[in-house]
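These numbers come from the heavy atoms of this one structure, side chains and all, not from hydrogens, waters or symmetry mates. This is a predicted model, so every value here is computed, not measured. All ligand and atom numbering here is 1-based and tracks the order in the structure.
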Amino acid sequence: MTKPQSHSKSQPQSTSDFSGTSPRLTVDLGAVVSNFKTLRDTVGQSGSSCAGVLKANSYGMGAERVAEALWAEGCKTFFAALVGEGVKLRALFPEATIYVLSPYLSLDAALLREHHLIPCLYDLEGIDLWIAANNTAAPAALHFETGINRLGLSTQDLEQLLGNRSRLNRLDLKLVMSHLSSADEQQSEHNQQQLEAFKRIRAEFPNAPASLANTAGIFLGPDYHFDLVRPGIGLYGHDPHYYENRGSRLKPVATFAAPLAQVKNLKAGEAVGYGATELDRDSTIGVILCGYADGVMRALFKPDSKEGHQVSINGHKAPILGRVSMDMITIDLTAVPKEAREIGSMVEIFGNHSPVENAAAMAGTSAYELFTRVSGRAVRKYV
Ligand SMILES: *Cc1c(COP(=O)(O)O)cnc(C)c1O
């Protein structure tokens, strides 16, 4: 084994900024806005308007900054999952229409009211609690079940609501909605089935705006647009039909990268990482300062086949080689020219050069999970 390269003369680091060696999630707000426009234009011909889904800290991107960028572009309707997320958004956007997708009315009613958040109600008990918490007609969305069988009012609930209209008379119905289970599979028969079920439901509420589509639903075509669409993942740069269409209609938003800390030349038969993955050939190995604690999934390296996700360094591809540790990963730099692998170079785990879709495929997961797993330790930078 040759001596590892020492640290190159590094930039002086500000004493007030400890983020120097932290993994970095760079969020391209211009790309968020561009994706919003693409989605808005796609539904514009149907006369539908476009909201923004900002749950889970905007899929890990940072809800405040994303919301500011969308608001400036004219997006006035936001969806949060939890009431706490809605409260934070309300503090920043007094004028926004903010829906809460997963309200828990027995605990959340007071906060919903205080912060003028609109709950997406999914059972009769919740409807009754929300009516009781309001003196005047209670602003609400009704979330109906059409086949995903998560949160949603059932067919029996619908019959009860229509059979005795006392509940409906006390609601200020802002939205009738449902959610698609399989919109990312364009040919799935569930899409058409849910669409037909939703049409029957919304026909009972001719005066209320209707909403069915998430990002993937938008791309299923005008039949799915109704009055309001609710894209999340598309804003953050993942096209849900990426695999089926072999490409994206949206711009990548997130680049997740961390610095190269050490480079070493090893001989065939030497090993790297936990479980001692043996090298099949003489190799140049790089150590990068991020790991599963930052959201780099262990599944991005397969010890049995020694197959690893291709990260990129200065435009050159390099596969992960060796098990992903908590704070470190090792990559194979053998094919990367020396000048492209200097200590301190940022190595892209996913982003423009290393599509998140490739990482998701290798880890057997989705772009959604990879985005939302990027930990709080990673510094968010905005461009
Ligand atoms: C998360 C979510 C969305 C956004 O879905 P994407 O696939 O990210 O576009 C829309 N509606 C509901 C009910 C959701 O839970």
Side-chain angles (χ1 to χ4, degrees), residues 32 35-36 38-40 42-43 48-61 63 66-67 70 75 77-83 85-86 89 97-104 117-123 126 140-153 174-186 188 190-191 194-195 197-198 201 209-220 224-244 248-254 356-357 360 365-373:
V32 173
N35 292 334
F36 174 72
T38 300
L39 296 165
R40 183 176 60 188
T42 305
V43 302
S48 175
S49 59
C50 191
V53 177
L54 306 180
K55 62 194 180 187
N57 197 25
S58 280
Y59 294 41
M61 310 285 160
V66 168
L70 291 176
C75 178
T77 302
F78 299 141
F79 285 82
L82 303 179
V83 69
E85 297 173 343
L89 286 171
T97 300
I98 303 174
Y99 290 95
V100 174
L101 290 167
S102 309
Y104 193 72
L117 305 171
I118 306 176
C120 301
L121 300 170
Y122 51 83
D123 58 17
L142 291 182
H143 189 168
F144 286 98
E145 189 49 68
T146 52
I148 193 171
N149 288 314
R150 302 192 312 190
L151 294 179
L153 291 150
K174 301 290 190 193
L175 201 62
V176 168
M177 62 179 282
S178 190
H179 191 50
L180 297 164
S181 67
S182 310
D184 55 333
E185 298 166 43
Q186 292 165 99
S188 169
H190 291 288
N191 297 325
Q194 287 193 270
L195 177 63
F198 186 63
I201 294 165
S211 175
L212 179 62
N214 59 352
T215 305
I218 290 171
F219 289 123
L220 292 180
Y224 290 81
H225 294 167
F226 295 94
D227 301 300
L228 181 76
V229 293
R230 309 185 306 269
I233 197 76
L235 300 173
Y236 311 112
H238 170 63
D239 183 333
H241 302 141
Y242 179 92
Y243 303 103
E244 285 184 40
S248 181
R249 292 158 289 199
L250 300 163
K251 284 192 185 159
V253 165
V356 68
E357 289 82 5
T365 183
S366 64
Y368 297 74
E369 189 175 5
L370 291 181
F371 287 159
T372 54
R373 266 175 183 258

Using a plain distance cutoff, I'd like to know if [X] has any nitrogen or oxygen under 3.5 Å from a nitrogen or oxygen of ligand 1.
X	value
M177	no
L101	no
H143	no

Give the atoms of ligand 1, by number and element, whose distance to some non-hydrogen atom of [X] is under 4.0 Å.
X	answer
Y59	1 (C), 4 (C), 5 (O), 6 (P), 8 (O)
R150	15 (O)
K55	1 (C), 2 (C), 3 (C), 14 (C), 15 (O)

is_close_aromatic(Y122, F144), centroid dist under 6.0 Å: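 For Y122 and F144, the ring centres are not under 6.0 Å apart.
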Aromatic ring proximity F79/Y99, centre distance under 6.0 Å: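 That pair passes the under 6.0 Å test.
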Any donor-acceptor N/O pair, E357 side chain to H238 backbone, under 3.5 Å: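 Such a contact is absent between E357 side chain and H238 backbone.
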Distance (rounded to the nearest 0.5 Å) between [X] [atom1] and [Y] [atom2]:
X	Y	atom1	atom2	answer
T215	L180	OG1	CG	11.0 Å
I218	H241	CD1	NE2	10.5 Å
L175	D227	CG	CG	8.0 Å
L121	M177	CG	CE	10.5 Å
L220	Q194	CG	CD	10.5 Å

4.0 Å heavy-atom contact, P231 with ligand 1: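 True for this residue.
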Y99, Y368, Y236: member with heavy atom nearest to atom 7 (O) of ligand 1: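 It is Y368 that holds the nearest heavy atom.
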Sole candidate of Y368, Y59, F371 that passes ring-ring contact (aromatic ring centres under 6.0 Å, His included) when paired with Y236: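 The single option meeting the ring-ring contact (aromatic ring centres under 6.0 Å, His included) with Y236 is Y59.
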Mode of H238 contact toward ligand 1 - side chain, backbone, both, neither (heavy atoms, under 4.0 Å):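 H238 to ligand 1: no contact under 4.0 Å from either part.
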Mode of H179 contact toward ligand 1 - side chain, backbone, both, neither (heavy atoms, under 4.0 Å):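 The side chain, only.
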Heavy-atom nearest neighbour in the protein, as seen from [atom], with distance rounded to 0.1 Å:
atom	result
atom 9 (O) of ligand 1	T215 OG1, 2.6 Å
atom 11 (N) of ligand 1	R230 NE, 3.0 Å
atom 5 (O) of ligand 1	N214 CB, 3.3 Å

